[in-house]
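One structure below.
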2 protein chains.
Amino acid sequence: MSIGVDNVFDSAAEGRDLPSIIINVAFPQRVNMSDVARAAGVSVATVSKVVNGRYGVARATIERVQQVIHQLGYEASLGAQSLRSHRTNVLGILVAEFEPFSTELLKGASTAVAGTGYQLLAYSSGDGAGTAVGWERRSLARLSGTLIDGAVIVTPTVVETKQGFHVVAVDPHTGPSGLPTVDSDNFAGAVLATNHLLSLGHRRIGHISGRPDLESSRLREAGFRQAMADAGVAVDERLVRVGGFRIESAAGTAGELLARADRPTAVFAGNDLSAISTMNVAREMGLTVPDDLSVIGFDNIPESALVNPPLTTIMQPLQQMGAEALRLLVDLIAGAERDIHIRLPTELVIRASCRALPD
Amino acid sequence: MSIGVDNVFDSAAEGRDLPSIIINVAFPQRVNMSDVARAAGVSVATVSKVVNGRYGVARATIERVQQVIHQLGYEASLGAQSLRSHRTNVLGILVAEFEPFSTELLKGASTAVAGTGYQLLAYSSGDGAGTAVGWERRSLARLSGTLIDGAVIVTPTVVETKQGFHVVAVDPHTGPSGLPTVDSDNFAGAVLATNHLLSLGHRRIGHISGRPDLESSRLREAGFRQAMADAGVAVDERLVRVGGFRIESAAGTAGELLARADRPTAVFAGNDLSAISTMNVAREMGLTVPDDLSVIGFDNIPESALVNPPLTTIMQPLQQMGAEALRLLVDLIAGAERDIHIRLPTELVIRASCRALPD
DNA sequence: ATGAAAGCGCTAACAG
DNA sequence: CTGTTAGCGCTTTCAT
């Protein structure tokens, strides 16, 4: 079953002359620790000690084992290793799906992980399409305890903390609590967005929100209302609608809003995806952005610069948030005392999807 | 040790009225299969059968076990499960680091995985910074056999195929071989890029390549030379330099190129990162793009639209490549007969980093 | 300095 | 229909 180094040539003789076959034969299947042990003439326990740099192995043995490891291309199985040792030096990033928001965080986490000695494992439950709430709980249960030493969870709705397992939530939907969190100033950002539209002369401003159960969505709506109130402009409740934060779900909402005879002159979308969706719908209805409709988004995902016209939006420093989350997680695992809530500022990014209303 | 469902209320009574506290107490630590078995009054084998939907369990037992599973929030450990069963319904995407190129692929793979029943696990070796070749071999050895049923490997240099384990390489550095691959037409894309510069009247055109050992890099350089030759323009070899495909590594090369008295009027960078780096260097040297220097890239990562001026580049359909790679992998695992090499077309994307030379 | 043996959480024969 | 048993690949006492 297991491959002796010694029978490589026998088997190769039976193969064809394709290089790939030779490679295949040299490593016909996964080589495990007992393969190494056998080839080196030692026990698996000794191999394990060598692999993990434990004391109590003769110099000569160490070298012989390492040589065999190198020759066979042995690498410890993450699954088996973690099952037994409960320490893997792998950190998890748990997402519902890999969309622009989470991949920006991922980039930031990836740069921050360099030099920490940890590796990164991003896991998508696949339940992206709004289906299946509780993905974060399932993913966490599946990976924690084994496989990963800690996790960053992206936009979780509910998080249970397990004893002895560290979790950092990015943009959690429940708002800061006992759980370590990283988010941006959603309220201030929404005020920024709304004030921008107001300063351009807009008064009939619509808002396409995320979902009422999401904290970030609630804060953005609250910021919108605050800015409107501060400007003394009444909010037309018929122009405030739930859009769900996704391209498809926001399209219907945008359609209803824009089909009105008294449609808004400007829309503050709860996130860039909703804003992009709104622009798509507007185009299909024969409206021109920004001439017939101004649109502002939230997030500043790279895609917002790629659409036509480029989207004016509120920047969240996503990569930085990912990096901060990872650093916070590493610190928590190391047992450092530090502030477990990080809130980063937002910023207005003016591109070309809003215009000033003529007097 | 193990959590009785029954003590939830007792503990909650001591807590505050925050829902999160109740949850914390309900699942103080990882619940495993024996916890479930004990709570349900059956053996772990029976629980396993219920979890995996095996035949031969009484209706009533199934329901009782499922109830306990639900109450305890049990989820099978991926590590343990895969160690034993060698089938996890998880597909891996192995990358050196999470940068714009690989995250675009990830987005595509993420959309393609929906509905397949698989989940996605993206693993970064962390050896991003050009260090440590062979990351793909190590990552693969670490995850294959356990944890994942197949893998998409992003820009691998060397890949060994293991028996019975399916791997798809995206943009492999060795060119199509026996291994299933997905890439884009690098040669044609490079011709497109070069012709664009030629059509704008440029003759002194520099090229910042990737690394000679990378197939995609070689093809782009070859396409550049072909287009120049076809146009009857001699290539000045002093203007063709290795840049390494990364921001930092390309900066030095760009600096040397632009410091020349007879510096090029246009640069075809081997990828967008090199192009962006070249624009940075040009700015630092007091040169204006595109007035003093035209720059064209390759890839069309979202970032290329965000820089100033927006980068003219060659689009590879990255998300589509990721999606195709994932579909190919799924098909291979299913044992389908199909073409194992997929090559997608490239396209010129004109933005604002190139200008026509005055006559 | 080395190895035998137990066990991490799970699945798969096999017995009952 | 259910439980007992063995073992996946690894780490870790504990003997030798």
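Within every chain, numbering begins at 1; the chains are lettered A, B, ... in the order of the sequence lines, protein sequences first and strands thereafter.
- Taking atom CD1 on A:I62 and atom C1' on C:dT2, their separation rounds to 12 Å, with Å as the unit.
- For the pair A:R38 CZ and C:dG3 C1', the interatomic distance rounds to 15 Å; values are reported in whole Å.
- Under a 3.5 Å cut-off, the side chain of A:S48 and the backbone N or O of A:V44 do not form any donor-acceptor pair.
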Quiz item: What one-letter contact string describes nucleotides 8-16 of chain C from 5' to 3', where B marks a base within less than 4.0 Å of any protein heavy atom, S marks contact via sugar-phosphate atoms alone, and - marks no contact?
Solution: BBBBB----
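- Around atom CZ of B:R87, more than 12 heavy atoms belonging to other residues, nucleotides or ligands sit under 6.0 Å away.
- In this structure a side-chain-to-backbone donor-acceptor pair under 3.5 Å is missing from B:E97 to B:S125.
- Terminal axes of the helix from C:dA1-D:dT16 to C:dG16-D:dC1 (five pairs each, C1' rotation axis) are separated by 50°, to the nearest 10°.
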Quiz item: What's the verdict on side-chain hydrogen bond (donor to acceptor under 3.5 Å, both in side chains) for A:R142 and B:Q81, showing C-alpha distance, side-chain angles and the deciding distance?
Solution: CA-CA 10 Å; A:R142 231 153 162 230; B:Q81 200 170 39; 2.6 Å; yes
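- The one candidate from B:T155, B:V154, B:V170, B:D171 that meets the side-chain contact (heavy atoms from CB on, under 4.5 Å) condition with B:S102 is B:V154.
- Under 3.5 Å, the side chains of B:H173 and B:T157 contain no donor-acceptor pair of N or O atoms.
- Residue-level contact check: B:T61 touches the backbone only, with heavy atoms under 4.0 Å from sugar-phosphate atoms and none from bases.
- Although no hydrogens or angles enter the test, the distance criterion places a donor-acceptor pair under 3.5 Å between the side chain of A:R54 and the main chain of A:N52.
- B:V42 and B:V65 get closest at one heavy-atom pair: CG2-CG2, 4.0 Å.
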